[in-house]
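Heads up, the thing below is written out as structure tokens.
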Amino acid sequence: MRNSEKLIQKLRESRNLTDTEFRLLLMDDTCNKILAQHADAVRREQYGTAVYLRGLIEFTNYCKNDCFYCGIRHSNTNAVRYRLTKEEILECCEEGYALGFRTFVLQGGEDPYFTDERLCEIISVIRVKYPDCAITLSIGEKSRESYQAYFDAGANRYLLRHETADIAHYTKLHPSGMSCKKRKNCLFQLREIGYQVGAGMMIGAPYQTLDHLIEDLRFLQELNPQMIGIGPFLSHKDTPFRDFHNGELESVLKLLGILRLMFPKVLLPATTALGTLHPEGRELGLQMGANVIMPNLSPMSVRRKYMLYDNKICTGDESAQQYRALARRVESVGYHVEMGRGDAKGFELS
Ligand code: SAH
């Protein structure tokens, strides 16, 4: 048996490898086929063929942060800014609910207009109107008190990618005011409060090395999140990283497979970025152990404005309104969509 195959089997059995073994696996660009077989088997053991859908509402692209990779960074004066009103957000939920969605993900830049008071008001109205739905937030770094207030208002889940677990690498991706330690700390606070949390990183981000990826895996082991969001880095023309290469399809797939074997029960999205990188990116992701897709529920009029990276897909099958077409694509590779809340295994009641 080939070396990588042995490593993949070991990873599946023990859910872990040494740093040296991880490095060997990450360096072998011929092992994705066998990795997919194992990752898919583990996903079927845990979740069968279910692919959970989440309705993504991108409710503001104002952001006070200046992350070097992100198209809606504060300094990008070419970005056309928008924010949805409470009524517009509720309309998105209404439309999503009617389509069958039972998880709403409110994502946005760090927009000071949305004070805790405004956010809590929105969250509590959604909570009262849709008691059977999960409310997921993805609105960046906040104080513990704020996280607690959103939780008390009815939010259940929080997506906050750590972006990179390596302090030196973090400072190459972010301006000096932002800190890796602070971001990780936010994740631990969210978990303590009782959220189901999602962390994650971009694959192929500028200056990223294999050792950084191994650090990411170690951090994820320490945090043990319910969700892990990964996708390729994709460059945006109006950012300092405009000249960097996009992340590679095979690298993202490799990491998805590794994550499925390390965290059998984790919720693992086949991300929009993966679908942007390659027309069949998300189908390939599903075949590598991914089991979540987050179709876009934002109003059509703002979709093109939430451009985190160039060419972000937003009006085709990733559109919540088109979820039947998406369902067919999911079925074409042997899975089926589930519209229910789809909590992580072991967290069904939270
Ligand atoms: N403001 C929120 C949401 C950020 S957008 C927060 O801070 O968490 C969601 C994710 O998009 C980010 O966490 C980042 O990992 C990803 N993203 C941003 N710019 C990107 C780019 N150029 N390529 C790929 N992914 C990107």
Side-chain angles (χ1 to χ4, degrees), residues 54 56-76 79 81 83 105-114 119 136-142 146-147 150 155 157-165 169-170 172-175 177-180 182-187 190 195 197-208 212 216 220 225 227-249 251-252 255 269-278 281 294 296 298 305-314:
R54 321 301 197 188
L56 180 64
I57 305 169
E58 298 159 334
F59 70 97
T60 174
N61 73 350
Y62 283 87
C63 193
K64 66 181 169 61
N65 283 340
D66 232 355
C67 309
F68 299 146
Y69 43 86
C70 185
I72 64 168
R73 65 198 301 267
H74 179 76
S75 299
N76 180 10
R81 305 288 169 172
R83 54 174 73 94
V105 183
L106 298 182
Q107 188 179 87
E110 291 195 20
D111 179 358
Y113 169 85
F114 284 100
L119 284 166
T136 306
L137 300 178
S138 179
I139 50 177
E141 297 172 26
K142 306 275 177 178
S146 300
Y147 287 147
Y150 312 149
R157 306 178 183 154
Y158 205 105
L159 307 180
L160 184 78
R161 290 190 177 175
H162 64 283
E163 313 295 0
T164 173
H169 187 218
Y170 194 94
K172 293 196 163 171
L173 303 182
H174 301 94
M178 296 180 71
S179 116
C180 184
K182 182 158 172 255
R183 198 151 178 103
K184 289 179 179 170
N185 199 31
C186 285
L187 281 161
L190 288 161
Y195 285 94
V197 298
M201 61 279 185
M202 289 175 289
I203 310 302
Y207 311 107
Q208 185 179 60
H212 293 148
D216 287 324
L220 290 168
M227 301 167 270
I228 300 176
I230 65 162
F233 159 76
L234 298 172
S235 77
H236 187 294
K237 61 182 180 7
D238 299 319
T239 65
F241 288 166
R242 63 179 66 83
D243 294 327
F244 282 89
H245 289 297
N246 290 342
E248 285 172 17
L249 177 69
S251 312
V252 180
L255 263 298
T271 53
T272 307
L274 187 55
T276 300
L277 181 67
H278 186 280
M294 298 165 64
N296 197 320
S298 314
K305 298 180 186 155
Y306 199 81
M307 272 299 152
L308 304 176
Y309 39 81
D310 289 338
N311 307 313
K312 177 167 164 269
I313 50 173
C314 62

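Keep in mind that what you see is a predicted model, and the values were worked out from it rather than measured. The residues of the chain are indexed from 1 along the displayed sequence. Whatever order the structure lists them in is the order used to number ligands and atoms, beginning at 1.
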Are any of the N/O atoms in E110 less than 3.5 Å from those in ligand 1? no
Among G108, G71, A205, closest by any non-hydrogen atom to atom 3 (C) of ligand 1: G108
Atom 16 (C) of ligand 1: the protein heavy-atom neighbour that sits closest, reported with distance to 0.1 Å: R161 NH1, 3.7 Å
Counting from 1, what ligand 1 atoms have a heavy atom of G140 closer than 4.0 Å? 2 (C), 6 (C), 7 (O), 8 (O)
Kindly identify the option in Q107, R183, E58, M307 whose heavy atom sits closest to atom 6 (C) of ligand 1. R183
Who's closest to atom 20 (C) of ligand 1 heavy-atom-wise, of R73, M202, K312? M202
Pairwise distance CG(D243) to OG(S235) - rounded to 0.5 angstrom: 8.0 Å
So which of S235, C186, P232, G198 gets nearest to atom 24 (C) of ligand 1, if we judge by its closest heavy atom? P232
Mind checking whether H174 and Y170 have parallel, tilted or perpendicular rings, split at 30° and 60°? parallel
For the residue pair Y207 and F241, does the interplanar ring angle fall in the parallel (under 30°), tilted (30 to 60°) or perpendicular (over 60°) class? perpendicular
Taking distance alone, with N or O pairs closer than 3.5 Å, would you say Y69 contacts ligand 1? yes
Return the closest protein heavy atom for atom 13 (O) of ligand 1 as residue, atom name and distance. E163 OE2, 2.5 Å
Backbone or side-chain N or O of L234 under 3.5 Å from ligand 1 N or O: yes
Among K64, R161, R183, which residue satisfies the salt bridge (Lys or Arg N to Asp or Glu O under 4.0 Å) criterion with E141? R183
With a 6.0 Å cut-off (strictly less than), is the heavy-atom count around CG of N311, excluding the residue itself, greater than 12? no
Does the ring center of Y69 lie less than 6.0 Å from the ring center of F233? no
Side chain to side chain donor-acceptor pair (under 3.5 Å) between H74 and N65, worked out: CA-CA 6 Å; H74 179 76; N65 283 340; over 6 Å; no
